[in-house]
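Have a look at the structure below, then the notes.
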Amino acid sequence: KVISVAASALTTGNALHVDHNDAATTAVTPTSIHLDFDRSGNAGDGITQEFKGLHVDMADTATSNHANSSVIMTGIDVAVDSANTQGSNHNIGLSVTVTDATTNDGINITTEDGAGSDIKIQSSANPLDYAEITVTGNGVTNFKTVDADNSLANLTFEVDGATDIQSTNNVTIDSSAGTIGIGTDAVDNAINVGTGGNRSVTIGKSGGTSTVSIYSQGGTLELDATNI
């Protein structure tokens with residue numbers, strides 16, 4: 001260890017504190033903490049090497065917290081704030097660049113299943129309005145949106161290109177309190193259903209009271225079948 005800091009009974013304050021203030025009015029590019037690591041040794045046959053630029057290890061080893069107590073542990077807390085938006089300013093909470101390896105993962109997250117979410121994104125207007133992404137056993141993935149006051153936590157995809165959904169099992173679209181719409185915008189493009197392969201297309205409920213309406217105003221309605 002080149003530098004070792006021990007703080008076994010710290011109740012407030014900081015074990016290590018860097019107070020960097022900058023009042024520069026000209027072009028500057030300072031960095032408060034810079035870790036520069038370079039690996040140059042060639043690993044031999046069968047050798048495994050693992051390096052970490054920053055390792056945060058926090059463990060709660062208490063075994064009998066009071067039932068009414070509250071313990072919150074945060075590995076890294078980032079706060080970036082600007083006093084005003086005059087001119088052009090851009091705040092970035094986390095910037096990750098990972099390149100040139102056989103496998104490059106920007107962020108690798110492992111969260112205990114069933115005890116929270118893997119990613120939680122909260123609204124700045126109300127932290128109780130949020131979206132969650134959770135991955136559990138077998139790779140089961142769940143996207144969840146929450147509106148604390150209403151049911152307006154809409155999910156919108158704005159795709160600047162094609163959208164393709166491929167599934168090895170069923171694909172289901174359900175709505176518990178609303179209409180399911182396909183092609184409801186005023187765009188004059190075709191809607192194709194079951195145009196590839198030999199498929200059975202079912203519309204309506206057999207033996208029920210479902211209503212099926214087909215409109216072709218000013219166009220052509222074509223039915224082509226060997227058995228009707």
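Numbering of residues begins at 1 and proceeds along the displayed sequence.
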Start with the C-alpha gap between I119 and I109, add the side-chain angles, then the distance that decides, and say whether side chain to side chain contact (heavy atoms under 4.5 Å, CB included) holds.
CA-CA 9 Å; I119 298 177; I109 300 174; 3.9 Å; yes
Looking only at heavy atoms, what is the nearest atom pair of [X] and [Y], with distance?
| X | Y | result |
| --- | --- | --- |
| I33 | T31 | O-CG2, 3.3 Å |
| A148 | N126 | CB-ND2, 4.4 Å |
| V98 | D105 | CG2-O, 3.9 Å |
| S32 | H20 | OG-ND1, 2.8 Å |
| Y130 | L128 | CD2-O, 3.3 Å |
| D22 | V28 | OD2-CG2, 4.3 Å |

Spacing of K52 atom NZ and D57 atom CG [to the nearest 0.5 Å]:
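Nearest 0.5 Å value for the NZ-CG distance: 10.0 Å.
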Got a second to check how far N65's CG is from S70's OG, nearest 0.5 Å?
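Nearest 0.5 Å value for the CG-OG distance: 9.5 Å.
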Taking everything shown except [X] itself, do over 12 heavy atoms lie less than 6.0 Å from its [atom1]?
| X | atom1 | answer |
| --- | --- | --- |
| F157 | CZ | no |
| I182 | CD1 | no |
| F37 | CZ | yes |
| D185 | CG | yes |
| N84 | CG | yes |
| Q49 | CD | yes |

Look only at the side chain of [X] and the backbone of [Y], and say whether a donor-acceptor pair between them is shorter than 3.5 Å.
| X | Y | value |
| --- | --- | --- |
| T141 | G139 | yes |
| T145 | A153 | yes |
| D147 | N154 | no |
| N150 | L152 | no |
| N14 | L16 | no |
| S175 | G178 | yes |

Find out whether [X] and [Y] are in side-chain contact, i.e. whether some heavy atom of one side chain is under 4.5 Å from a heavy atom of the other.
| X | Y | result |
| --- | --- | --- |
| E132 | F143 | no |
| I133 | S117 | no |
| Q122 | D129 | no |
| V140 | V135 | no |
| L94 | V96 | yes |

Test of understanding: clusters of I, L, V, M, F, W, Y form through side-chain heavy atoms closer than 4.5 Å, transitively. Do I3 and L54 belong to the same one?
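Unlinked, I3 and L54 end up in two clusters.
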Verify the cluster assignment for I76 and M73: are they in a single hydrophobic cluster under the rule of side-chain heavy atoms below 4.5 Å apart?
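Shared cluster, yes.
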What residues form a side chain to side chain contact (heavy atoms under 4.5 Å, CB included) with T184, not counting sequence neighbours?
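So T184 forms no side chain to side chain contact (heavy atoms under 4.5 Å, CB included) with any residue.
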Kindly write out the residues that satisfy side chain to side chain contact (heavy atoms under 4.5 Å, CB included) with L35, not counting sequence neighbours, or none if the list is empty.
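With sequence neighbours excluded, L35 shows a side chain to side chain contact (heavy atoms under 4.5 Å, CB included) to no residue whatsoever.
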Between the side chains of N91 and S82, is a donor N or O closer than 3.5 angstrom to an acceptor N or O?
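Note: N91 and S82 side chains meet the donor-acceptor criterion.
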I'd like to know if the side chain of T134 pairs up with that of N142 as donor and acceptor (distance under 3.5 Å, no hydrogens or angles considered).
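Per modelled atom types, T134 and N142 side chains form no pair under 3.5 Å.
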How far apart are the C-alpha atoms of T195 and V193, what are their side-chain angles, what is the distance that settles it, and do they pass the side chain to side chain contact (heavy atoms under 4.5 Å, CB included) test?
CA-CA 6 Å; T195 57; V193 179; over 6 Å; no
